[in-house]
Every structure is written in structure tokens, then in C-alpha cells.
Amino acid sequence: MDKTILSLDKGTRCTAWNYSGQRLAAGLADGSLAIYDSTDPSSSTFNCTSRFKVQESGILKIVWVPPQYGDAVACVSADGALSLWEEVIKEDTEGHHWKMCKSFDRNTSQVLNIQFGGSHTCLKLVAAYSDGQVKIYELLDTLELEKWQLQAEFQNVIDLVSKFGNVSCQSASISWNPQRSEHQQLSFVLGFSSNTSPLNSPKVWEFDLDHQRWLPVAELSLPEDNNDQIYAVAWAPNIGRPYELIAVATEKGISIWHLGSNPDPDGRLSAHMVALLSGHDSEVWEMEWDMSGMTLATTGGDGLVRLWQSNLNGVWQEQAVFSPTT
């Protein structure tokens with residue numbers, strides 16, 4: 001029998017579970033952020049423990065900061081503003097208290113998407129903007145979430161010499177390499193949905209430690225793709241595979257890519273599409289891998305959640321379909 005674990009407020013625009021799945025943050029159309037907690041350890045029911053104003057415009061995106069840096073969330077609002085909010089403990093009062101610890105500067109462009117990445121000693125934030133720019137911010141002090149600096153800024157192109165103006169991007173999707181080995185540098189994949197084709201195709205960016213800069217090491221597209229607009233990307237956890245696994249959603253479907261681990265003399269990694277999955281009747285909104293990197297969950301405008309797996313012969317197939325209950 002289905003059981004309701006929480007009821008979201010009317011006007012909820014987006015939600016995000018924290019890394020342990022014990023807290024839920026919800027962004028509302030009035031610019032408020034609501035935090036839900038399970039106050040009873042023996043129950044799976046969640047109640048709203050905090051609600052506070054973040055922006056005047058609605059919240060479109062919420063991302064939790066990795067847990068080793070505390071309880072904090074980054075919020076992207078409908079006007080393109082990006083702010084970071086941290087939970088603090090006040091000894092003289094009870095309950096949960098949240099404060100804004102950072103409001104990121106921006107020009108006329110809007111933040112479309114953000115994701116945190118890095119390690120236990122280094123936290124980075126990649127942000128994609130409506131003018132096609134990509135910015136990498138680095139946390140200067142792991143104990144102070146208000147101290148960030150801009151580490152790099154570039155456009156999502158293979159040819160770093162090329163610069164494109166009059167760019168208009170509707171959305172962007174970002175996914176960090178979730179389980180890099182000790183010999184691997186930080187890396188992420190990013191794609192746009194824009195009016196400028198060269199920016200759209202997903203590029204894998206890797207930090208060049210020797211030259212202290214970010215470089216594109218692979219492009220996940222075929223010549224016949226014509227730089228299709230990207231709906232979503234998702235980098236799978238890697239438990240023992242000799243290659244990386246990345247999913248890319250476009251209007252053609254969901255493509256599964258194998259990314260090599262050994263660079264060629266030019267520093268590029270090999271990339272091969274091994275499957276093209278179709279099933280959603282409309283745009284794919286979100287994609288997530290399970291912890292083993294073997295099962296891909298996708299959802300889209302058709303309101304369905306689909307699970308995909310590869311069999312022993314390497315053939316990708318749909319394993320299950322979930323529809324919302326009424």
C-alpha cells in the first residue's frame with residue numbers, strides 16, 4: 001500500500017534530497033526555500049522544519065553542498081541569481097536557522113545550472129550561464145563557505161581560440177566525474193541548449209595540473225548530430241570498469257557513451273557511442289545513475305520514470321517503467 005512521506009507546499013518548483021537522503025530542500029515560486037526533516041527516527045514521515053526567503057523571484061534549482069562541508073544549499077532563482085545558504089546553530093535559540101553566506105556576482109547573464117565537485121580537501125563549483133560562459137569557482141577555506149574565488153572562465157568549445165558572441169542559451173546540464181581515481185584529475189561533462197551549435201555538444205573538461213587550466217579532452221557527439229541541443233547529461237560511478245560511462249539526452253533519444261581513460265599524444269580521450277535509447281515521448285528532464293553505475297533512471301515530459309540496464313552482451317534495454325499514482 002502506498003504511503004505519503006511528505007506533502008509539498010503549493011507552488012513548489014524544484015526539490016533536492018541531500019547526500020544521505022535524510023533531508024529534502026524545496027524551492028517555491030515565491031522565492032522561499034523549505035527544508036523537510038524526519039523528526040522521528042522510527043518514522044519515514046518528513047515535516048517542514050525551516051522556511052525562509054531566498055529571492056524575490058521563484059527558485060528553479062537547488063543543489064546541496066557535499067556533506068563534509070556542512071549543511072548548505074546553493075539556489076538558482078528565476079532571475080538567474082546564485083546564492084549559497086548555510087544552516088547554523090545558535091546556542092541561545094532552538095530550531096533550525098539558515099543564513100546566506102555567499103551571493104555570487106553576475107553581469108547581465110543568468111545562471112542556468114550549477115554543480116559541486118572536487119575532493120575532501122578541494123571544493124569547486126561549476127556554473128553555466130545564459131550567454132554561453134562557463135565559470136569555475138573554488139572554495140578558499142574549507143571551514144568558511146563564504147570565501148570563494150573565480151578560478152576559470154571559458155566557453156564550451158573544443159577550439160579554445162574560438163569565441164562566440166550574441167549567444168542565447170535556454171538550459172545547460174552538468175555532471176562531474178563522481179568517482180575519480182588517485183591518478184585522475186578533476187573532470188566534468190557539460191552541454192547546452194542554445195542558438196549556437198558549437199556550444200551545445202557535451203564536452204568533457206579536465207583540469208590540467210601542470211598548466212593550472214581546464215582543457216576539453218573529449219566531445220560526446222557524432223558528425224550527423226549537428227550539435228543537437230542537450231537536455232541532460234549524467235556521468236556514472238565507476239566501480240572497476242576500464243572506461244567511463246556517460247549518458248547524454250537529446251531530441252534523438254538517450255545516447256550511452258564509453259569514454260577511454262588513456263589520453264592520446266594530444267591529450268584527448270577516446271569516446272564511442274555504444275547505444276541510443278528511445279522510450280520517452282517527449283523531452284528528457286533528468287537522468288541519474290545508481291551507486292554502482294549499472295542502472296540509469298530517466299524521467300521527462302511524459303511523466304514516466306524509466307530504468308535502463310545493459311545485459312551481459314552489452315545490449316542496453318529498458319528494465320522497468322514507473323508512472324505517477326493518482
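Just the heavy atoms: all of them, side chains too, but no hydrogens, waters or symmetry mates, feed the values below.
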query = Counting only N and O atoms by type, is there a donor-acceptor contact under 3.5 Å from the side chain of Ser175 to the main-chain atoms of Trp235?
reply = yes
key: Side chain Asn156, main chain Leu190, donor-acceptor under 3.5 Å   =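 Looks like yes, one N/O pair under 3.5 Å.
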inquiry  = Given the ring of Phe154, does Lys135 sit roughly above its face, with NZ or CZ under 6.0 Å from the centre of the six-membered ring and within 45° of the axis?
reply    = no
Side chains of [X] and [Y] only: does a donor on one sit below 3.5 Å from an acceptor on the other?
X      : Y      : value
Gln309 : Trp316 : no
Ser282 : Asp302 : no
Trp64  : Asp71  : no
Asp37  : Thr49  : yes
Thr298 : Trp308 : yes
Gln229 : Ser193 : yes

task = Under the ring-ring contact (aromatic ring centres under 6.0 Å, His included) rule, what do Tyr243 and Trp257 come out as? Steps first, then yes or no, please.
result = CA-CA 10 Å; Tyr243 55 85; Trp257 291 80; over 10 Å; no
Heavy-atom pair of closest approach, residues [X] and [Y]:
X      : Y      : answer
Val157 : Phe164 : CG1-CE1, 3.6 Å
Ser57  : Ala78  : OG-N, 3.6 Å
Phe192 : Leu199 : CD1-O, 3.6 Å

Just so I know, are the side chains of [X] and [Y] near enough to count as touching, which here means a heavy-atom distance under 4.5 Å?
X      : Y      : answer
His97  : Glu87  : no
Leu245 : His258 : yes
Val204 : Pro216 : no
Arg213 : Phe207 : no
Gln151 : Trp214 : yes
Thr295 : Trp289 : no

Quick check on [X]: does its [atom1] atom have over 12 non-hydrogen neighbours (other residues, nucleotides or ligands) under 6.0 Å away?
X      : atom1 : answer
Asp141 : CG    : yes
Gln133 : CD    : yes
Glu56  : CD    : no
Glu286 : CD    : no
Met294 : CE    : no
Lys10  : NZ    : no

query = So Met287 and Ile254, side chain to side chain contact (heavy atoms under 4.5 Å, CB included) or not? Walk me through it.
reply = CA-CA 10 Å; Met287 301 191 296; Ile254 301 167; 3.8 Å; yes
task = To the nearest 0.5 angstrom, please state how far the NZ atom of Lys61 sits from the CZ atom of Arg13.
result =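 Spacing of NZ (Lys61) from CZ (Arg13) equals 14.0 Å.
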request  = Applying side chain to side chain contact (heavy atoms under 4.5 Å, CB included), run through Leu307 and Phe322 and close with a yes or a no.
outcome  = CA-CA 9 Å; Leu307 301 183; Phe322 301 96; 3.5 Å; yes
key: Those residues that, when tested against Thr15, pass side-chain contact (heavy atoms from CB on, under 4.5 Å) (two or more places apart)   =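 Scan of Thr15 (side-chain contact (heavy atoms from CB on, under 4.5 Å), adjacent residues dropped) gives Leu8, Thr12, Leu24, Ala26.
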ask   = Who passes side-chain contact (heavy atoms from CB on, under 4.5 Å) against Asn262, sequence neighbours left out?
value = none
task = May I have the step-by-step check of side chain to side chain contact (heavy atoms under 4.5 Å, CB included) for Cys169 and Leu112, ending in yes or no?
result = CA-CA 8 Å; Cys169 303; Leu112 298 176; 3.7 Å; yes
remark   = Grouping ILVMFWY residues whenever side-chain heavy atoms fall under 4.5 Å, the cluster of Leu150 otherwise contains Val63, Val65, Tyr69, Val76, Leu82, Leu84, Phe104, Val111, Ile114, Phe116, Leu123, Leu125, Tyr129, Tyr137, Leu139, Leu145, Trp148
key: Stepwise side chain to side chain contact (heavy atoms under 4.5 Å, CB included) test for Ile246 and Leu220   = CA-CA 9 Å; Ile246 300 176; Leu220 308 184; 3.7 Å; yes
inquiry  = Do the side chains of Glu318 and Arg306 get close enough for a salt bridge, i.e. N-O under 4.0 angstrom?
reply    = yes
